[in-house]
Protein chains: 2
Amino acid sequence: MTTLRDVAREAGVSVATASRAINGHSNVTAPTKAAVLAAVKKLNFVPHSGARSLTRRKTDTVGVILPDLFGEFFSEIIRGIDLVAHESGMHLLLGNMHGSTHETAAAIAAMRGRVDGLLVMPPDVKPELLSGYLDPALPTVLLNYDAGSLDLPFVAVDNYHGAYAMTEALLERGAQQVVHIAGPKHNRDARDRQRGFADAMAKIAKVQSPAILPGDFSEESGAQAARLLVQGRLPVDAVFAANDQMAVGLIAELAGSGVSVPGDIMVAGFDDIPLARHLNPSLSTMQVNIDRLGSTAMMMLLRILRGETLGAASATILTPTLVARGTTGGAVGVAANEKTPVVGARP
Amino acid sequence: MTTLRDVAREAGVSVATASRAINGHSNVTAPTKAAVLAAVKKLNFVPHSGARSLTRRKTDTVGVILPDLFGEFFSEIIRGIDLVAHESGMHLLLGNMHGSTHETAAAIAAMRGRVDGLLVMPPDVKPELLSGYLDPALPTVLLNYDAGSLDLPFVAVDNYHGAYAMTEALLERGAQQVVHIAGPKHNRDARDRQRGFADAMAKIAKVQSPAILPGDFSEESGAQAARLLVQGRLPVDAVFAANDQMAVGLIAELAGSGVSVPGDIMVAGFDDIPLARHLNPSLSTMQVNIDRLGSTAMMMLLRILRGETLGAASATILTPTLVARGTTGGAVGVAANEKTPVVGARP
DNA sequence: GGCAACTAGGTAACCGGTTACAGAAACAAA
DNA sequence: TTTGTTTCTGTAACCGGTTACCTAGTTGCC
């Protein structure tokens, strides 16, 4: 493992000069610089980033702490982050809290001295706890989490208005009895979507306590809700699931019970996962550009690293857009212009 | 930012003692240790991992270099790696070569001094080039890439036998005219799958030059192949696409042209992406446990880090399993036991 | 020619930890 | 009491870079 000392010796200069030559400082004559670079090439020298970041007090790395790594949702976030990070020559250090609050603390602590900033998505951690884990000296942007009291910048999806809009759309299509399948109780996204649904039902349909079935964002819980609906003979002509996965489970189960979608019941989801457009009938949903979530957060973090001061006031709220497809009678099959993008397709 | 020096001063001991107390060395008396730990708590000290790894000469981090981050394929690999890495207290540093060979070199070089080992997936980089980029002193495991000449351990999918098996299955189902849609020409996976197909056709159906249409793993290229088939009026009763994405595009386009699947043409893919089981009819395919690819590679890397010597001989080949579904007439709709696993479902 | 201003490059301190080595204290054995 | 052994703690070197500061050599100007 060749070090800068080796290079300096080979080139017949001091380590200081070698360092300067390599880093392109001006006060090195051309021949000296050439000699150093020749030595670098000859010895195959690659600077030791660890040592480098120790003195420079920057690591060119950002820590990304996610609750989990399952599914397209997180992979899209990571891709969005990477897109921006890569442009600025930043690296990504992945931390996974594996769903446990305790591990969150560990994951954040382990980042000290490895990263210049942090992107954290802590869906079920209480703000008070979170503030104890976070290092105030380490620039941090929160993903999909509004911890206003901490005054940290964040990027979130406007779940409330998204859910409101979707509910409104269902009602406009003629639905009278809309049932909501909720997400996990402690999950903020889920709660906001439920609120949006309830408010829309109250204001537009004048229904004060609409039917809400429990769910946990899993496909199976969607199927379960379908069984409840069918067996319970609830009066239903539309179902709004808090996410697409549950809608998928619901539709499969309804089909099995001979219920026609959208003939008997309209169905809508939330997220627009890639699967949504390929279902038959295709799934109406609220489209969230998940990668934007990541790239926006990363851009905010870069601004902080460049010296700007960003607080909760600089938060970005991404608005989801409604995509009407087959399950609400909007369209049948895959629309021609709705193919999955070609970029980077892989086996 | 509190350092070990601060802690030592606060506790009234030397840095050496403080370090020993924190790291649980035996030669520290109980009261001294308690004093140090009290100081740690009081000052909220978290060791600086960067400095730590400089002296210990290990970073507890592995570098993961992937060609891209698009889609479930990569996210599953990362999840598999993380699963194993997390158990051993290792962190993941993500490097993305963004499809370019030139960036591959940069990505690998940037890892020096940041990681203890490397997991690299270099699908379109020539072995000769790759060997120039890699540091022989840095433990490395290759993903889905057999660079036998470099004598590096690797984990790969048995694409050849998978394709052979699928072709065989189509023929057994009564297909006479099987057409293959190939993947990118330079892609190893694609080439191996094509070879498997061709060999099966030769051996079983005694067809020496079966029809092969070009493709690039993208959905659009599958649709294009469908148009060729329909317009060209090729004699076809089964199509084996080199990956699921192309099969998806193909099926959508066939449906648009009034061709019935599997009635007129059977269709099969490769990979078993989550979407596959949800299509209508559901897609027959070769199931690859992608996360296993990542976790197996990570386990091999850990063995090397523990001192074992692993070469190309220790390679692991994962065998894909055939999943017969609707598009080959095997089953209709979503089979009851084929729901997506519940674990970690997210919005 | 003499002095100031500038430039290239060397010396050594430093980043924040770990650890080899040495010294001091405590205790046991002679 | 003296010496040997053990146990705990401190001093300082080190990991591999960066950079403040300093020196020596040039050049410029009066």
Side-chain angles (χ1 to χ4, degrees), chain A residues 1-40 43-61 109-116 135 137-138, chain B residues 1-40 43-61 109-116 135 137-138:
Chain A
M1 185 132 295
T2 62
T3 74
L4 188 62
R5 259 92 181 163
D6 302 327
V7 173
R9 194 178 317 118
E10 174 73 27
V13 298
S14 73
V15 284
T17 305
S19 172
R20 285 190 279 250
I22 290 170
N23 291 302
H25 290 208
S26 59
N27 49 354
V28 182
T29 53
T32 310
K33 185 170 179 177
V36 171
L37 294 184
V40 165
L43 301 180
N44 223 317
F45 171 74
V46 179
H48 188 288
S49 326
R52 203 144 195 254
S53 57
L54 190 56
T55 49
R56 308 231 333 242
R57 294 154 153 286
K58 60 194 285 271
T59 58
D60 295 323
T61 304
M111 292 284 171
R112 149 121 216 256
R114 294 178 194 275
V115 301
D116 296 336
D135 178 350
L138 195 64
Chain B
M1 186 130 296
T2 62
T3 73
L4 189 62
R5 258 93 181 163
D6 302 327
V7 173
R9 194 179 317 116
E10 173 75 25
V13 298
S14 72
V15 285
T17 304
S19 172
R20 286 189 278 250
I22 290 170
N23 292 302
H25 290 207
S26 58
N27 48 354
V28 183
T29 53
T32 310
K33 184 170 179 178
V36 171
L37 294 184
V40 165
L43 301 181
N44 223 318
F45 170 75
V46 179
H48 188 288
S49 326
R52 203 143 194 258
S53 57
L54 190 56
T55 49
R56 309 232 330 242
R57 299 157 148 285
K58 60 195 286 268
T59 59
D60 295 323
T61 304
M111 292 285 170
R112 148 122 216 254
R114 294 179 193 274
V115 301
D116 296 335
D135 177 351
L138 195 63

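So that the names make sense, note that chain A is the first sequence line, chain B the second, and so on, each numbered from 1. From a predicted model like this one, the values you see are computed outputs, not experimental measurements.
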request  = To the nearest 0.5 Å, tell me how far Thr2(B) OG1 sits from Arg9(B) CZ.
outcome  =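 So the OG1 of Thr2(B) and the CZ of Arg9(B) are separated by 10.5 Å.
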
ask   = Do the non-hydrogen side-chain atoms of Asp135(A) and Val46(B) ever get within less than 4.5 Å of each other?
value =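 A side-chain contact under 4.5 Å is absent here.
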
What is the distance from [atom1] of [X] to [atom2] of [N], rounded to the nearest Å?
X        : N       : atom1 : atom2 : value
Arg5(B)  : dA12(D) : CZ    : P     : 12 Å
Arg9(A)  : dG16(D) : CZ    : P     : 12 Å
Arg57(A) : dT19(D) : CZ    : P     : 11 Å
Asn23(A) : dT19(D) : CG    : C1'   : 11 Å
His48(B) : dT18(C) : NE2   : P     : 12 Å
Lys33(A) : dG9(C)  : NZ    : P     : 12 Å
Asn27(A) : dC6(C)  : CG    : C1'   : 12 Å
His25(B) : dG17(C) : NE2   : P     : 14 Å

So which nucleotide from [options] ends up closest to the side chain of [X]?
X        : options                   : answer
Leu54(A) : dG16(C), dG9(C), dG17(C)  : dG16(C)
Val15(B) : dG10(D), dT18(C), dT19(D) : dT18(C)
Thr29(A) : dG10(D), dG17(D), dA8(C)  : dA8(C)
Thr3(B)  : dT18(C), dG10(D), dG16(C) : dG16(C)
Ser14(B) : dG10(D), dT11(C), dT18(C) : dG10(D)

Would one find a side-chain N or O of [X] under 4.0 angstrom from OP1 or OP2 of [N]?
X        : N       : answer
Thr32(B) : dT9(D)  : yes
Ser19(A) : dT18(D) : yes
Thr17(B) : dG10(D) : yes
Arg20(A) : dT19(D) : no

inquiry  = Using a 3.5 Å distance criterion without hydrogens, assess whether the side chain of Arg112(A) forms a donor-acceptor pair with backbone atoms of Leu138(A).
reply    = no

Asn23(A) (side chain) donor-acceptor with His25(A) (main chain) under 3.5 angstrom = no

ask   = Given that Val13(B) and Arg56(B) both sit by DNA chain D, which one's nearest nucleotide is further toward the 5' end?
value = Val13(B)

request  = Looking only at non-hydrogen atoms, find the nearest pair between Ala18(A) and Leu4(A) and report the distance.
outcome  = CB-CD1, 3.8 Å

key: Where Thr59(B) and Arg114(B) come nearest, the two heavy atoms and their spacing   =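 Shortest heavy-atom separation between Thr59(B) and Arg114(B) comes out as OG1-O, 3.2 Å.
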
task = Would you kindly check whether a donor in the side chain of Arg52(B) faces an acceptor in the base of dG16(C), or vice versa, at under 3.5 angstrom?
result = no

task = Report which part of the nucleic acid Ser49(A) touches: base, sugar-phosphate, or nothing (heavy-atom distance under 4.0 Å, all strands).
result =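 No contact.
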
message = On DNA chain C, does the nearest nucleotide to Gly12(A) precede the nearest nucleotide to Arg112(A) from the 5' side, or the other way round? Give the residue.
response =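 First, find each residue's nearest nucleotide; the 5'-ward one identifies Gly12(A).
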
